[in-house]
Number of protein chains: 2
Amino acid sequence: MISYSQIYPDAQPRSASGIYRRCFALGLDQADIGWLDHAAGCRRRVGRDERLFRMDQPFRNLYAIRFGHFKTYQFNSAGEQQITGFQMAGELLGLDALSGECHQCNAAALEDSEVCEIPFASLELLFAREPELLRRFHRIMGQEITREQDLLLLLGNMRAEQRFAVFLINLSARYAARGYSPTAFQLRMSREDIGNYLGLTIESISRLMSRFKNQGLLKVDKREVTLVQPAALEALAAGTEHCKPMS
Amino acid sequence: MISYSQIYPDAQPRSASGIYRRCFALGLDQADIGWLDHAAGCRRRVGRDERLFRMDQPFRNLYAIRFGHFKTYQFNSAGEQQITGFQMAGELLGLDALSGECHQCNAAALEDSEVCEIPFASLELLFAREPELLRRFHRIMGQEITREQDLLLLLGNMRAEQRFAVFLINLSARYAARGYSPTAFQLRMSREDIGNYLGLTIESISRLMSRFKNQGLLKVDKREVTLVQPAALEALAAGTEHCKPMS
DNA sequence: CGGAGGCTTGAAGCCTTTCAAATTACGTGG
DNA sequence: CCACGTAATTTGAAAGGCTTCAAGCCTCCG
C-alpha cells in the first residue's frame, strides 16, 4: 500500500487552493498542469474493491485520481465483464458519461484510493469564462479517444505476446511520467484482470509471464515486476521481434 | 452509387442557412438536431479512395458527413493498417485530433462523398456564447468514447461469428435510424476492410458469410446484403445463440 | 477478350483456449 | 504462531478456432 505522503511528500493536506494542481500535476502534460485550479471540489476516499461509480448511475461529477489505482469495466449481454482501462494518479475518470445522462461503465478501486470530485455543472460554468480551460478539457477528451483507438489496434491485430509486452511498456511509461521507476513496479491488478483487459485468459497471462521470466526479460515476484531488458520488451511491443516459446 | 437527390430529395443545394441541420439531422438524437446551425462552414467533395485527412496533418476542421461513407484507420509500427471505424451520413469525423495538434488517424472515402467542413476555431468561439451548443458537442464526444468502448468489448471477448453478427446488426440499426431499410443494404466496404475492422482475416469473413447464407440467416449478392432472420442474427450478436458450422 | 482485383473454398498448422490438477499465497480463528 | 479454507496463480495436456497458404472463380473494365 502506498501512503499519501509517499506520493505527495511536500503536500499540505487540505490546502484549499491548488488541490487540482496536485491532482493533475502527475498525469498531464506540463501545459495542462493546473488547468482545473479554479474549480471547486471535494475529496472522496474509495476503499479497495469499492466502486467509485456504477453504470446507469446519474452523471454528476468527473473524478481526478489523487492516489491509488482504478479499473473501468462494463458488462456484455452475457453478463461477463470487459475491462476497458486501468487508471492511476493524475488521470481522469467519468468522461464516458458525457454521452448521456448516466455513466456508461463502472469504476472500481484496485486498492485504497482517493479522488477529487469535480462537479461537471460547475465546470461547464467555468468553460464560458475560460476558453483555455475548455481547450485543455477537449484535449483530454481527445486523448481518451486516442487511447482507446490504440487499444483497438492492440486487440485487433496483435498476438498474445505482443499484447502483454505493450501492456508492460505502457505501464512503465506511465510510471516514469509520474517520477517512479520505469523498470520496477507493482502490478495493482490481478492476472485475471490483465487477461480480461488484453482479451486473453488468465492462463495465457501466467504462461507469458513465465516465458518472459525464463528468457531473462522480466523478474517477477508475485505482483512485483522488474523489467530486466526494457529494450527487448519494447521490440516485442513494436512487433519487430518475437520471443521464442519456452525450452 | 447514391446520388445527392436520393438522400436529400427535398434539399435546396447551397441554402445558406440550415446546412448543418441537414448534416446532422440523420446521425444525431432528435435533441441534437441543428445544434451546429450557427456555425459557418463550406462543403467539400471527396472522391472514392481519396483521403479527407491524414495522420499528422495539422488539425483545423471537424467534418460532418453529408452523404457517402468513410473509414478511419491508423498504422501500427509494422506498417499494417487497423480500421477503427466506418462512418456514414450525419456522423462526425476528426474528433480524435482534439488530443493534439494533428490528426491521429486517416479518413478515406469508401465512395464518392461530401462533407461539411467545420472550422474548429470558430466552433470554439461559439462555445463561449452558447452553453447548449457546447453541451451537445460534449455529448457527441462522449458517444465516440462509448462507441469505442463497445468495440473494445467486441474485440476483447467475442468469437468470430459473434463479431460479424454484431457488425451486421450495428449497420442495420444505423441505416434504420436514417430511414433506410434495416434488413437490406449494401456493404460499402470490402471484405478485407470488414475483417481488418473486426480483427479477423478476409477468409474468415468470407466463410462466415457463406455459413450465415447456408443457414438461411442472410442473403448475399456481392456487396448487397439482406438480413433474412434479423432476430436470429441479434441472438448471435447478443451471444445467446450459436451458429453451427457448415454441414 | 484479357487482366487485375476481389472473393470463395479447401487443407494444414499454429496459437490460444479449455479443462484439469497441483501449488502457492492469504486471511481468519484457534 | 500455527492450522485451515479460500482465492489466486502456475503448469500440463488436449481440443478448437482462426490463420496461413494455396488454388480457383467471379466480376468489372479497358
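Naming: A, B, ... by sequence-line order, numbering from 1 per chain.
Not one side-chain nitrogen or oxygen of B:Ser204 sits closer than 4.0 Å to the OP1 or OP2 atom of D:dC18. Listed pair A:Arg207 / C:dT18 fails the phosphate criterion, with no side-chain N or O lying under 4.0 Å from OP1 or OP2. Not one side-chain nitrogen or oxygen of A:Thr201 sits closer than 4.0 Å to the OP1 or OP2 atom of C:dT16. A sub-4.0 Å separation between OP1 or OP2 of C:dT9 and a side-chain N or O of B:Ser206 is absent.
Residue A:Gly195 is classed as having no contact, given no heavy-atom separation below 4.0 Å to the nucleic acid. A:Leu200 comes within 4.0 angstrom of the backbone, heavy atoms only, and of no base. In this structure, B:Arg163 reaches neither bases nor backbone, as no heavy-atom distance under 4.0 Å exists between it and the strands shown.
Between the side chain of B:Glu144 and the backbone N or O of B:Met141 there is no donor-acceptor pair closer than 3.5 Å. A:Glu117 places no side-chain N or O within 3.5 Å of a backbone atom of A:Asn61 that could act as its donor or acceptor partner. At distances below 3.5 Å, at least one donor-acceptor pair connects side-chain atoms of A:Gln162 with backbone N or O atoms of A:Ala237. Looking at A:Asn106, its side chain never comes within 3.5 Å of a backbone N or O of A:Gln74 through a donor-acceptor pair.
Residue A:Ile205 contributes atom CD1, which lies 17 Å from atom P of C:dC15 at whole-angstrom precision. A:Glu80 has its CD atom 13 Å from the P atom of C:dT17, to the nearest Å. Rounded to whole Å, atom P of C:dG5 lies 18 Å from atom CZ of B:Arg191. Rounded to a whole Å, the CZ atom of A:Arg211 is 15 Å from the C1' atom of D:dT10. If you measure from atom CD of B:Glu192 to atom C1' of C:dG5, you get 10 Å, rounded to the nearest angstrom. Here the P atom of nucleotide D:dT10 and the CG atom of A:Leu208 are 11 Å apart, to the nearest Å. As rounded to whole Å, 15 Å separates atom P of C:dA25 from atom CD of A:Glu224. Taking atom CD of A:Gln162 as the reference point, atom C1' of C:dC14 lies 17 Å away to the nearest angstrom.
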Close N/O contacts between protein and nucleotides 23-30 of chain D (under 3.5 Å):
residue, atom, partner, partner atom, Å
D:dC28, OP1, B:Lys222, NZ, 3.4

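Here the closest heavy-atom approach between residue B:Leu110 and residue B:Asp193 is recorded as CD2-OD2, 4.0 Å.
A donor-acceptor contact under 3.5 Å is formed by the side chain of B:Glu203 with the base of D:dC21.
Here the side chain of B:Arg159 is nearest to one of D:dC18, D:dA8, C:dT9, namely D:dC18.
Scored by the side-chain contact (heavy atoms from CB on, under 4.5 Å) test, B:Arg159 finds no partners at all (sequence neighbours excluded).
Using a 4.0 Å cut-off between charged nitrogen and carboxylate oxygen, A:Glu91 and A:Arg174 count as a salt-bridge pair.
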